[in-house]
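In what follows, a single structure is set out as structure tokens and then discussed.
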Amino acid sequence: MIPTLYVGDFIFVNKFAYGLKLPFSDFFGSPVTLIERAPPKRGDIIVFLYPREPDTHYIKRVVGLPGDTVEVRNKVVHINGQPIAQEPATTEELQAQLKDIGDPRYGDAHMRLYTEKFGDGHDHKILVDTNNDYTTNFDPAKIPEKSLFVMGDNRDFSNDSRFWGLVPFENISGRAEIIWLSMWFDTK
């Protein structure tokens, strides 16, 4: 989720954001929901049980909602045929972000930093590697009911819905609210 979250960030997860579930009911399969609330919105950062390893928690950004068709063309996400606006960062902002990461892979000139704008106040930064052709395109996929399409903000180094599929609603643990402690250290 770099540049939004770093390794070593501790986050507060609101487990009641999308409803109240009966405690420990997920030990026997799908959790029992006592009170339903509004479902996740595009741009929310959610914590969920990874569908391929249900004992592992993942954190990603919600990109596609039920009923949406999600596609990636030339590294730009399209929702229902419309591209999501990307505003390039200044060179100074990019260099500051890359220096802050402290990983030598990010120091090359082929990295780009954008502000992605969903149009509903969920503007966020994404990193794109122009040398990585593997993640350039993703064929259109229609999102079924009770499922979400999620992506990481470090688009070309993210293991997300493009590779393993959708997140069922019952796998959602909660919404990431704030970073309450960051243990990120620059080792240089």
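Treat the numbers as computed from the prediction; the structure is a model and nothing was measured.
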Would you indicate whether the side-chain heavy atoms of [Y] and [X] approach each other to under 4.5 Å?
X      : Y      : answer
Val70  : Pro140 : no
Ile143 : Leu148 : no
Asp153 : Pro3   : yes

Point to revise | Thr69 and Ile79: CA distance, side-chain angles, deciding distance, side chain to side chain contact (heavy atoms under 4.5 Å, CB included) verdict | key: CA-CA 6 Å; Thr69 298; Ile79 306 292; over 6 Å; no

Point to revise | Derivation of the side chain to side chain contact (heavy atoms under 4.5 Å, CB included) call for Glu93 and Leu113 | key: CA-CA 8 Å; Glu93 191 177 14; Leu113 180 68; 4.1 Å; yes

Check your understanding: Between Lys125 and Thr115, is any side-chain donor less than 3.5 angstrom from a side-chain acceptor?
Key ->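 Distance-only check passes for Lys125 and Thr115.
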
Roughly how far, to the nearest 0.5 Å, is the [atom2] atom of [Y] from the [atom1] atom of [X]?
X      : Y      : atom1 : atom2 : answer
Lys75  : Arg112 : NZ    : CZ    : 11.0 Å
Ile11  : Thr4   : CD1   : OG1   : 11.5 Å
Arg155 : Ile2   : CZ    : CD1   : 14.0 Å
Leu181 : Asp9   : CG    : CG    : 8.5 Å
Ile59  : Arg175 : CD1   : CZ    : 12.0 Å

Review point. Pick from Met1, Glu116, Lys117: which one makes a side chain to side chain contact (heavy atoms under 4.5 Å, CB included) with His124?
Key: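 The side chain to side chain contact (heavy atoms under 4.5 Å, CB included) with His124 is passed solely by Glu116 among Met1, Glu116, Lys117.
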
Which heavy atom of [X] sits nearest to which heavy atom of [Y], and what is that distance?
X      : Y      : answer
Trp164 : Leu166 : CZ3-O, 4.0 Å
Ser158 : Phe163 : O-CE1, 3.3 Å
Asp133 : Thr130 : OD1-O, 4.3 Å

Exercise for review: Go through the steps for Asp160 and Lys60 under the test salt bridge (charged side-chain N to carboxylate O under 4.0 Å, His left out), then give the verdict.
Suggested key: CA-CA 8 Å; Asp160 53 38; Lys60 300 289 177 195; 5.5 Å; no

Practice item. Indicate if Val62 and Ile172 have the same hydrophobic cluster label, given that clusters are the connected sets of ILVMFWY residues with side-chain heavy-atom separations under 4.5 angstrom. Key: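 Per the 4.5 Å side-chain linkage, Val62 and Ile172 are co-clustered.
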
Review point. Quick one: do Ile179 and Val7 end up in the same hydrophobic cluster if we chain Ile, Leu, Val, Met, Phe, Trp and Tyr together by side-chain heavy atoms under 4.5 Å apart?
Key: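 Not linked; separate clusters.
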
Check your understanding: Counting distance only, does the side-chain N/O of Asp129 pair as donor-acceptor with the main-chain N or O of Met111 below 3.5 Å?
Key ->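 No; judged by distance alone, with no hydrogens or angles, the pair does not exist.
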
**Study point:** Flag, side chain of His57 to backbone of Asp55, donor-acceptor distance under 3.5 Å
**Key:**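 No: the side chain of His57 does not pair with the backbone of Asp55.
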
Check your understanding: Using links of under 4.5 Å between side-chain heavy atoms of ILVMFWY residues, direct or through other members, which residues join Val128 in one cluster?
Key ->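 Its cluster mates, by chain and number, are Tyr114, Ile126.
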
Practice item. Would you please test Ile84 and Phe118 for side chain to side chain contact (heavy atoms under 4.5 Å, CB included) and show each step? Key: CA-CA 6 Å; Ile84 301 301; Phe118 284 133; 3.8 Å; yes

Review point. Mind checking whether Phe10 and Trp180 have ring centres under 6.0 Å apart?
Key: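 Ring centroids of Phe10 and Trp180 are less than 6.0 Å from each other.
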
Check your understanding: When you look at Phe149 and Phe138, which way does the ring-ring contact (aromatic ring centres under 6.0 Å, His included) test go after all the steps?
Key -> CA-CA 12 Å; Phe149 188 94; Phe138 177 79; 5.3 Å; yes

Review point. So Val72 and Thr135, side chain to side chain contact (heavy atoms under 4.5 Å, CB included) or not? Walk me through it.
Key: CA-CA 9 Å; Val72 179; Thr135 55; over 6 Å; no

Show me the side-chain donor-acceptor pairs of residues 38-51 shorter than 3.5 Å, one per line, residues at least two apart or across chains.
unit_1 : atom_1 : unit_2 : atom_2 : d
Arg42  : NE     : Val63  : O      : 2.8
Arg42  : NH2    : Asp68  : OD1    : 3.3
Arg42  : NH2    : Asp68  : OD2    : 2.1
Asp44  : OD1    : His122 : NE2    : 3.3
Asp44  : OD2    : Tyr18  : OH     : 2.7
Asp44  : OD2    : Lys41  : N      : 3.0

